[in-house]
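Inspection log for the structure reproduced underneath, given as structure tokens.
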Amino acid sequence: MILGASIVQVIRYAALFSLADHAERGRITAGAFSVAEGLDPDSAERFLRACTAFGLLSMLDDTGYAGTELLRTLQSNNPHSLRDLALIQGGPGHWAPWGRLDDALRTGRTQTEATLGQSLWDYYASDAGRAEGLAVAGAMGGSTRDIDAAAVAAVSTTNVHTAVDVGGAGGSLLQALMQANPALNGIVLDLPSVIEQVREQPLDREIASRLSFVPGSFFDAVPAADLYILRHILHDWSDAECAVILRNCRASARPGAHLMLIELTMARQPSGFACQVDLTMLIAAGGRERQPAEYDRLLSQAGFRLLGASALTPTHSRFEAVAI
């Protein structure tokens, strides 16, 4: 566990240097790998040797390596790829603030300003952090595939005319709901920089005419709708900031509008994974993972009544509320 930090970096750079994609094309040698990625040949050899030790590569002979099943999880063309997650966890946006966990624990404040000179979101929008920001969007899409499928199976949109995916990036869950309901119209609200990127993605022809991408901030205003979807949004923000987001949803909500939250929930005895994510929210984003009662309180204070909560996956829950 103590040496785990170095393993994170080996995996991150295996992802950054497209090692899995090189292995997919055949035998890897330090010479060819160093030329392709602009590396020092001797250092590349030592790196490949480390990848062998950690199970990413297997040695073919004295100079050649082959990828393993574990390495294939980092392939860029793998629909269940962990490549984006590897780039995020070892990148400056997460890596640097974790080095100041002590200050976060003493002050209760995020450490991105101290380490990056700006907020996490401003860093992701900058030239230095844009690749990580794109990886965040990619990782969210990959990690939520099972959550989306479970949500579509659990949610009925029969009486919903318009749904808004608040901070939804590419709007994968919204698009899945629209495919299940041919009468549903959708709006994805996100920052202009995000909308600019996702607009370039191809859309299913059947839903393209019913889906709109709206640039804006959920701290300013949210489009009118019958259903608001907030997936992995509130955990990024403090209670006060969550109140602004939810009140903006309530202000534009049509009569009887519903709101659906999907979040990782903290159990009374949370898992190590939940605690790791919670501390990452503390040091990097300024948010937190919450228990169900905390979501109930946030919703009621913003003018919503919690109708119920249910598990979607072993780690994530769905909270459904109605505007009152």
Side-chain angles (χ1 to χ4, degrees), residues 1-101 111-112 114-118 120 123-143 145 197 200 272-273 276-277 280 283-284:
M1 292 169 68
I2 291 172
L3 296 177
S6 59
I7 302 175
V8 170
Q9 291 302 333
V10 169
I11 297 170
R12 176 177 184 251
Y13 283 98
L16 192 65
F17 294 141
S18 303
L19 186 60
D21 294 343
H22 288 297
E24 189 178 17
R25 292 189 286 269
R27 182 174 178 271
I28 294 176
T29 65
F33 179 59
S34 62
V35 170
E37 297 296 332
L39 309 176
D40 171 68
D42 178 63
S43 299
E45 180 67 55
R46 296 165 70 178
F47 176 74
L48 295 177
R49 189 167 60 204
C51 289
T52 301
F54 294 126
L56 297 173
L57 294 174
S58 61
M59 187 171 286
L60 296 175
D61 49 43
D62 289 342
T63 61
Y65 301 86
T68 63
E69 285 297 320
L70 184 61
L71 181 64
R72 291 188 180 94
T73 64
L74 299 180
Q75 286 178 352
S76 59
N77 61 356
N78 180 350
H80 299 285
S81 176
L82 298 175
R83 182 177 187 274
D84 288 326
L85 185 61
L87 294 176
I88 297 163
Q89 293 301 316
H94 279 48
W95 182 263
W98 264 102
R100 297 179 63 94
L101 177 60
Q111 296 302 303
T112 51
T115 55
L116 302 173
Q118 55 195 325
L120 182 64
Y123 169 71
Y124 283 158
S126 70
D127 290 340
R130 186 164 289 113
E132 282 175 72
L134 291 173
V136 169
M140 286 297 292
S143 65
R145 197 170 283 108
Q197 295 164 7
E200 299 176 0
F273 171 71
Q276 286 173 310
V277 177
T280 298
I283 62 172

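It should be emphasised that the depicted structure is a prediction, and the values quoted were computed from it without experimental measurement.
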Distance-only donor-acceptor pairs under 3.5 Å for side chains of residues 45-59, two or more places apart:
residue: Glu45; atom: OE2; partner: Tyr65; partner atom: OH; Å: 2.4
residue: Thr52; atom: OG1; partner: Leu48; partner atom: O; Å: 3.1

Do Thr112 and Tyr123 have side chains that get closer than 4.5 Å, going by heavy atoms? no
Please test Leu134 against Tyr124 for side chain to side chain contact (heavy atoms under 4.5 Å, CB included), starting from the C-alpha separation and ending with a verdict. CA-CA 8 Å; Leu134 291 173; Tyr124 283 158; over 6 Å; no
Rounded at 0.5 Å granularity, tell me how far CZ in Arg83 sits from OG1 in Thr73. 12.0 Å
Is any side-chain heavy atom of Leu71 less than 4.5 Å from a side-chain heavy atom of Leu19? yes
Where Leu120 and Ala284 come nearest, the two heavy atoms and their spacing: CB-O, 3.5 Å
How close do Thr29 and Ala32 get, counting heavy atoms only, and between which atoms? OG1-N, 3.2 Å
Check whether any side-chain heavy atom of Asn77 lies under 4.5 Å from a side-chain heavy atom of Glu24, and answer yes or no. yes
Rounded at 0.5 Å granularity, tell me how far OH in Tyr13 sits from CD in Glu37. 12.5 Å
Return the CG to CD distance between Leu101 and Gln111, rounded to the nearest 0.5 Å. 8.5 Å
Examine distances only and state if a side-chain atom of Glu132 and a backbone atom of Gly93 form a donor-acceptor pair shorter than 3.5 Å. yes
With distance as the sole test, does Ser34 use its side chain to make a donor-acceptor pair with the main-chain N or O of Asp40 at under 3.5 Å? no
What pair of heavy atoms forms the shortest contact from Ala15 to Ala86, and how long is it? CB-CB, 4.1 Å
Going from CZ on Arg72 to CG on Asn78, what distance comes out if it is rounded to the nearest 0.5 angstrom? 10.5 Å
In sequence, state the C-alpha distance, the side-chain angles, and the governing distance for Gln89 and Leu82, and then conclude on side chain to side chain contact (heavy atoms under 4.5 Å, CB included). CA-CA 11 Å; Gln89 293 301 316; Leu82 298 175; over 6 Å; no
Nearest heavy-atom approach of His22 to Phe17 is CD2-O, 3.3 Å
Measure the spacing between CG of Leu70 and CG of Leu74 and express it to the nearest 0.5 Å. 7.0 Å
Which pair of non-hydrogen atoms, one from Pro92 and one from Arg12, has the smallest distance, and what is that distance? CD-NH2, 4.0 Å
Ala135 versus Leu87, closest heavy-atom pair with distance: CB-CB, 4.2 Å
